[in-house]
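The structure under discussion appears below in the form of structure tokens.
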Amino acid sequence: MRWTQTLVPTLKESPAEAEILSHKLLLRAGLIRRLAGGVYTFLPLGLRALRKVEQIVREEMDRAGAIEVLMPALQPVEIWQQSGRYRTAAEVLYKLRDRAHKDWVLGPTHEEVITLLVAAEVNSYRQLPKNFYQIQVKFRDEIRPRFGLMRAREFIMKDAYSFDVSDAAAQISYQKMYDAYARIFARCGLKTFAVEADTGVIGGSFSHEFMVPAETGENEVVYCDGCGYAANIERAESAVGRSPAGAAVNPSAETPQPEKFPTPGVVTIEALAAPPYSVAAARQIKTLVYLVESKPVIVLLRGDDQLNEAKFASRLGTGTFRPATAEEIFEWMGAHPGSLGAVTTTRRRADIPVWADTRLRGERDMTTGANEDGFHLRHVDVARDIRVDQWADLRTVQTGEPCARCSQPLKTRRAIEVGHVFKLGTKYSEALGAEFLDESGARHPCVMGCYGIGVTRTLQAVIEQSNDKDGIIWPMSVAPYQVCLTPLNVAPQSAAMQLAERLYAELTAAGVEVILDDRDERPGVKFKDADLVGFPLRVNLGEKSLARGEVEIKPRTGAAMSVKQDEALARVVALVRDGLAALGNAPRG
RNA sequence: CGGGGCGUAGCGUAGCCCGGCUAGCGCGCUUGCUUGGGGUGCAAGAGGUCGCGGGUUCAAAUCCCGCCGCCCCGACCA
């Protein structure tokens with residue numbers, strides 16, 4: 001491709017719409033342009049890089065035995081009602097109505113479609129296992145699209161769905177995808193790590209997310225250098241709360257009975273921790289009230305802990321809950337937030353279920369609200385004074401807590417989620433009738449798994465992870481072009497241009513992807529643009545080198561190499577090949 | 001949806017508080033000369049419903065009201 005014949009609208013300054021580096025570079029390098037919030041056009045070079053990622057994904061999915069299909073983005077609303085997700089996923093669904101007033105949705109994911117397909121077309125254990133995948137546009141009415149391609153309303157996803165005869169067989173399918181994902185990201189030049197993940201509303205029993213470490217990532221990951229444990233903070237556990245000090249202690253006669261004391265104006269943990277009260281946060285019980293599927297639930301945590309809503313949702317089995325409003329709380333509890341407590345004798349409503357974090361188990365001499373504005377209770381013995389209906393790990397792990405496995409201090413870091421693998425179980429196969437007959441003619445639901453890669457997000461993650469002050473540094477495998485030929489004189493009869501034309505033809509014939517910068521621009525302009533876009537190799541053809549019978553090969557990172565003109569072809573071909581091989585990408589052909 | 005910020009030419013911005021504009025600057029763009037190995041210099045140009053609608057006023061980019069859009073923090077997620 002010749003630079004003047006494509007469109008590479010580079011920018012010297014970052015548009016104000018971009019906040020994070022990768023988003024700025026996507027715009028500045030002329031790879032994408034915004035049409036609306038979370039909706040982007042891929043310009044020629046951005047599209048080439050995207051296709052590279054897609055092809056790597058495709059090759060590895062094929063290698064893992066998955067079968068490519070293409071399902072409709074436009075889906076009848078009925079299948080979403082059938083799976084039950086028309087309600088549970090309602091917020092993200094783009095809904096539309098046709099001229100006959102029939103309702104449709106734009107698919108945010110494809111469990112329904114694929115499961116119905118399998119229900120119709122797969123009947124026997126002999127046809128299993130099967131794993132279907134597609135690379136396709138998804139539509140999600142995101143609450144807040146952001147960071148360019150990172151969280152978009154319309155984005156490209158590779159999604160795969162496995163169907164097996166048993167849980168054990170499903171585990172094998174899961175492992176194949178897990179391994180394929182590791183290869184895919186490695187081939188894209190991405191450093192990723194897998195973490196245990198929350199299964200969220202999609203449901204299922206077991207899942208891992210593939211994470212790219214990045215300060216701008218939207219996820220927080222807890223990990224242990226000692227044993228390799230890593231988990232999304234939504235799921236992470238530590239040794240804290242597992243064997244609480246007072247767990248084995250009987251309700252104590254030594255602890256005095258709860259005693260009410262006045263605390264005018266004190267409505268926060270911090271205020272009660274400050275003088276004159278000086279009750280350490282760790283000695284307080286935090287009382288939260290949630291509205292779970294329209295019913296009140298009390299949640300208790302130690303004063304210095306934070307509720308982990310993902311864990312709470314997981315234990316509740318529903319994501320339909322929210323903190324109660326101050327008015328609702330006053331009606332049920334008889335006090336306002338800040339003065340709440342769950343001590344049995346001061347509770348107005350005994351019918352509201354109480355959930356408590358396991359860290360509170362056995363704690364004595366705690367302080368909590370008295371369910372009366374302006375008063376707290378001291379000397380509270382959790383086992384003696386509070387009727388807990390459900391004990392659960394509900395707290396958010398904090399940096400430095402001992403690892404549950406090896407006791408080393410846990411660390412946290414931020415990361416971008418680029419892939420997610422789930423064991424789904426039979427939730428969808430049962431709801432949508434994807435069943436098979438076994439050897440004895442008995443009918444069973446398929447055991448499913450689902451596996452997603454954010455293809456467009458992966459592309460941006462590569463940029464977020466691989467750049468410098470001059471611009472993007474593309475890994476050889478996903479670069480829009482592998483080589484940028486840069487003649488410093490573009491007059492058709494100039495030696496530089498003539499050699500450039502010859503190399504362009506030869507490199508292209510050798511399977512190298514080349515862009516020829518045939519713009520009549522000053523060298524500095526061309527160099528800056530090539531660095532900004534981030535081509536792995538640049539070949540400079542200028543008078544100084546040509547006079548010595550040489551050309552200059554400039555890797556995007558690293559020093560320029562002068563090579564004889566007749567060696568240039570072989571050197572470039574070798575550098576491209578080596579660059580690909582270093583990332584585990586097989587040579588062409 | 002709640003909280004915060006911002007909308008002035010393709011991009012980045014000044015002006016807004018304290019109404020008085022023929023709306024300024026840099027980049028980019030066009031033309032000519034110049035330069036020619038890291039965003040060359042000079043000159044001449046083109047390009048603006050100051051987000052949209054209403055109001056106040058002799059007068060609105062500037063003040064007031066409403067709407068729209070964009071960005072950031074939170075819930076959601078590949």
Side-chain angles (χ1 to χ4, degrees), chain A residues 9-20 23-24 27-28 30 33-39 57 88-93 108-110 135-160 181 197-202 207 209-212 216-219 232 234 309-310 313 319 321-323 325 416-422 450-461 470 486-491 494 496 520-532 538 540-547 551-552 554 560:
Chain A
T10 57
L11 301 170
K12 284 187 180 176
E13 293 178 288
S14 299
E17 73 188 63
E19 177 77 7
I20 69 172
H23 188 193
K24 289 178 178 173
L27 292 165
R28 286 191 56 209
R33 285 294 182 265
R34 188 181 66 84
L35 176 64
V39 180
V57 169
T88 57
E91 322 81 61
V92 302
L93 286 178
T109 174
H110 282 70
I135 297 170
Q136 193 231 23
V137 175
K138 298 284 188 269
F139 297 88
R140 292 186 186 173
D141 189 358
E142 290 287 345
I143 300 163
R144 183 154 87 87
R146 58 177 148 180
F147 299 156
L149 306 177
M150 281 296 182
R151 177 176 300 283
R153 293 186 151 104
E154 177 183 325
F155 63 98
I156 295 175
M157 177 170 161
K158 185 287 300 174
D159 45 324
Y181 276 32
D198 181 55
T199 49
V201 201
I202 294 184
S207 98
E209 290 164 335
F210 284 78
M211 294 288 191
V212 176
T216 53
E218 298 183 74
N219 298 274
N232 193 305
E234 294 177 344
E309 291 200 353
F321 62 85
R322 61 164 174 83
T325 64
I416 300 162
E417 177 190 355
V418 288
H420 200 163
V421 293
F422 284 90
C450 74
Y451 316 94
I453 289 179
V455 177
T456 39
R457 180 184 286 179
T458 297
L459 183 71
Q460 184 166 347
D470 293 318
T486 310
L488 301 185
N489 181 344
V490 295
S494 69
D520 185 14
E521 288 286 354
R522 293 175 56 83
V525 173
K526 294 185 167 198
F527 295 159
K528 286 287 185 189
D529 271 349
D531 286 350
L532 176 60
R538 193 173 75 223
N540 296 333
L541 308 163
E543 287 177 9
K544 291 179 184 171
S545 305
L546 294 178
V551 301
E552 191 176 77
K554 172 72 176 68

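Note on naming: letters A, B, ... go to the chains in the order of the sequence lines (proteins, then strands), and numbering restarts at 1 for each one.
Checked against B/C73, B/G36, B/A78, the side chain of A/F155 finds its nearest nucleotide in B/A78. Of the candidates B/C72, B/C70, B/U35, the closest approach to any side-chain atom of A/R34 belongs to B/C70. The A/R140 side chain lies nearest to B/C77 when the options are B/C11, B/C73, B/C77. With distances taken from any side-chain atom of A/F147 to the nucleotides B/G39, B/C11, B/C73, the minimum falls on B/C73.
Checked by atom type, the side-chain pair A/E209/A/N219 shows no donor-acceptor distance below 3.5 Å.
Each of A/E17 and A/D531 was matched to the nucleotide of RNA chain B holding its nearest heavy atom; the match closer to the 5' end belongs to A/D531. Residue-to-nucleotide proximity on RNA chain B shows that, of A/M150 and A/I143, the 5′-proximal contact is made by A/I143.
Pairing of B/A9, defined by two Watson-Crick or G-U wobble distances under 3.5 Å, is not identified with any nucleotide. Using N1 to N3 plus N6-O4 or O6-N4 for Watson-Crick, or N1-O2 and O6-N3 for G-U wobble, each under 3.5 Å, B/C21 pairs with nothing.
In summary, A/R146 and A/E218 engage in a salt bridge, as defined by a charged side-chain N under 4.0 Å from a carboxylate O. A/E142 and A/R153 are not joined by a salt bridge, as no carboxylate oxygen comes within less than 4.0 angstrom of a charged side-chain nitrogen.
Checking the phosphate oxygens (OP1, OP2) of B/G74, a side-chain nitrogen or oxygen of A/R146 falls inside 4.0 Å. Contact annotation: A/R144 reaches the phosphate of B/C73 (side-chain N/O to OP1 or OP2, under 4.0 Å).
Residue A/A16 is classed as a sugar-phosphate contact, given heavy-atom separations below 4.0 Å to backbone atoms only.
Evaluation of atom-type donor-acceptor distances gives no pair under 3.5 Å for the side chain of A/N489 against the base of B/G36.
Surrounding CD of A/E17 are more than 12 heavy atoms belonging to other residues, nucleotides or ligands, all under 6.0 Å away.
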